Amino acid sequence: MDLIARLRAGLPGEAILTDPDVTGSYANDMASFCEAGTPAVVVLPRTVEQVQHIMRTATELRVPVVPQGARTGLSGAANASDGCIVLSLVKMDRIIEINPVDRIAVVEPGVINAVLSRAVNEHGLYYPPDPSSWEQCSIGGNIGTASGGLCCVKYGVTAEYVLGLDVVLADGRLLTCGRRTAKGVAGYDLTRLFVGSEGSLGIVVRAVLALKPEPPGQLALAAEFPSTAAACEAVCEIMARGHAPSLLELMDRTSIRAVNAMARMGLPDSTEALLLAAFDTPDPAADLAAVGALCTAAGATEVVPAETAAESDLLLQARRLTLTALERVKSATMIDDVCVPRSRLADMLDGTAAIAEKYGLTIGVCAHAGDGNTHPTVCFDAADPDESRRARESFDDIMALGLRLGGTITGEHGVGVLKKEWLARELGPVGVELQRGIKEVFDPLGILNPGKLF
């Protein structure tokens, strides 16, 4: 019996896609410079039992399986390999439970981040992780890549909100790990092991997520600086003084000018860096005043605090438009994801500017400045082979810079295909050996998302 026939024995017909024109549309995520193969079939299960059937079939026939969420990732982690089963989890999109007493939500992997966020808001609760693609990305994908977002400076990343998981293993067995309780330290923390594993250890089919009380509405300020060094000094002072902003974002000159060109925001051409801060504390105006004073002391030429939520939204609009504006600069972009210690943020931005000059490219940087996570965006002409080569080389130089500064090659986008060579450099040979050993325990046949991570 062939692969398709085996799958049909445990799946409804509409859950199996074989038309090459359709299956080809599932071949890749949103990453540049990442090869993708041709899948043999795309399956869209709706139940845990159907996922188990798929994995048992894959194990029996030794067929690779590539798990996918909404495919908004930026590292190629969801890219198909030749002859694989693409296992799309978008149809498993139920919010099973929201429990205000235990402050948890139980969800399937296909639930969209924004849908969950709005649902828990109705109970006076808050699910903090908020990737920029939160209106499209799925919880399963967020777990697979350990996603972050704008609020991480105060509330942390996805890993800190995953309490428990149900995972279908490579051979079809169902593993339940973690807990529903506020505390729990029984055994090895397998739950954390799956977070960020990019579907290489198992298929997440259910997640228990921690929730927080919904905070008050936030107020924001914008501060203009004559240099990135001055803006980064302000960031360091804000954090060193013990402030807890709900958002602390930075845009460099290239990003500012791109946004100005697209949206006519009216920011002065002399602005070299724009720092955006927000607070959702009981008295955000007082916090903004204190942070505004620190910005002025660091050399800000203009500090504009908002007095209303509507004004805050206007101030934050430039940051939200950054990627769209940079995409208009050239026909293609590569978004890097290097995280460095906050104290080295200025070195990271200045180094990236030097790399842009070295390769003759436009590279705009926006950053989650409060946690040192930078997103250098390389703009290039994909139809120009030489410019494409320079773009890829500059991307690598940026990662090397981040490692020299004591940082990491990815703060929230994951490794996938794009950065697997660099993962080995960051981990070192002992680290790689141990991680490969863990992979072999969970996936001895190597059928789960092959070719990703390392």
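Positions are given from 1 along the sequence. Since this is a predicted model, take the numbers as computed values, not measurements.
- The side-chain tip of Arg390 does not point at the ring of Phe380 from less than 6.0 angstrom away and within 45° of straight on.
- Stacking of Arg118 on the aromatic ring of Trp134 is recorded, both the 6.0 Å distance cut-off and the 45° axial limit being met.
- Other residues, nucleotides and ligands contribute at most 12 non-hydrogen atoms within 6.0 Å of the CD atom of Glu35.
- Between the CD atom in Glu421 and the CZ atom in Phe454 there is a gap of 14.5 Å [rounded to 0.5 Å].
- Thr410 and Asp337 are linked by a side-chain donor-acceptor pair at a separation below 3.5 angstrom, with hydrogens and angles left out of the test.
- Residues Asn373 and Glu412 have side chains in contact (heavy-atom distance under 4.5 Å, counting atoms from C-beta outward).
- Counting heavy atoms from C-beta on, the side chains of Val304 and Leu221 never come closer than 4.5 Å.
- Here OG1 of Thr333 is found 6.0 Å from CG of Leu323. Values are rounded to the nearest 0.5 Å.
- You'll find the side chain of Glu387 stays beyond 4.5 Å of the side chain of Tyr359, heavy atoms only.
- At most 12 non-hydrogen atoms from other residues, nucleotides or ligands lie less than 6.0 angstrom from NZ of Lys91.
- Atom CE of Met30 has 12 or fewer neighbouring heavy atoms from other residues, nucleotides or ligands inside a 6.0 Å radius.
- At a threshold of 4.0 Å, the pair Lys452-Glu198 does not count as salt-bridged, since none of the basic side-chain nitrogens sits closer than that to a carboxylate oxygen.
- In this structure, the ring of Tyr155 has its center no less than 6.0 angstrom from the ring center of Tyr127.
- Atom CG of Leu349 is separated from atom CZ of Arg344 by 13.0 Å, given to the nearest 0.5 angstrom.
- Between Glu393 and Arg389 a salt bridge is recorded (basic side-chain N to carboxylate O distance below 4.0 Å).
- Using a 30° and 60° split on the angle between ring planes, His375 and His413 fall in the parallel class, below 30°.
- Here the closest non-hydrogen pair linking Ala273 and Ser227 is CB-O, 4.0 Å.
- Counting heavy atoms from C-beta outward, Ser200 and Lys439 have side chains that approach closer than 4.5 Å.
- Using a 3.5 Å distance cut-off with no hydrogens or angles, the side chains of Asp29 and Thr72 do not pair a donor with an acceptor.
- Remark: Asp347 does not engage Arg404 in a salt bridge, criterion side-chain N to carboxylate O under 4.0 Å.
- Put simply, the side chain of Leu125 reaches to within 4.5 Å of the side chain of Arg103, judged on heavy atoms.
- Taking both residues in full, the closest heavy atoms of Pro376 and Ile363 are given as CB-CG2, 4.1 Å, listed atom of the first, atom of the second, then distance.
- Residues Thr176 and Arg206 fail the side-chain proximity criterion, which asks for heavy atoms closer than 4.5 Å.
- The minimum heavy-atom distance linking Asn260 with Gly266 is given by the pair OD1-N, 3.1 Å.
- To the nearest 0.5 Å, the span separating CG on Leu209 from CD on Glu160 amounts to 13.5 Å.
- Under the 4.5 Å side-chain criterion, counting only non-hydrogen atoms from C-beta, Ile98 is not in contact with Ile104.
- For the pair Glu440 and Arg436, the salt-bridge criterion is not met [side-chain N within less than 4.0 Å of a carboxylate O].
- No side-chain donor-acceptor contact under 3.5 Å links Gln218 and Ser312.
- Atom-to-atom distance recorded for Thr322:OG1 and Met251:CE is 3.5 Å, nearest 0.5 angstrom.
- Put simply, the side chain of Thr158 reaches to within 4.5 Å of the side chain of Ile143, judged on heavy atoms.
- Rounded to the nearest 0.5 angstrom, Ile355 CD1 and Leu361 CG are separated by 10.5 Å.
- One finds a salt bridge joining Asp336 and Lys419 here, because a Lys/Arg side-chain nitrogen approaches an Asp/Glu carboxylate oxygen to under 4.0 Å.
- Between Arg180 and Glu97, at least one side-chain nitrogen of the basic residue sits less than 4.0 Å from a carboxylate oxygen of the acidic one, meeting the salt-bridge criterion.
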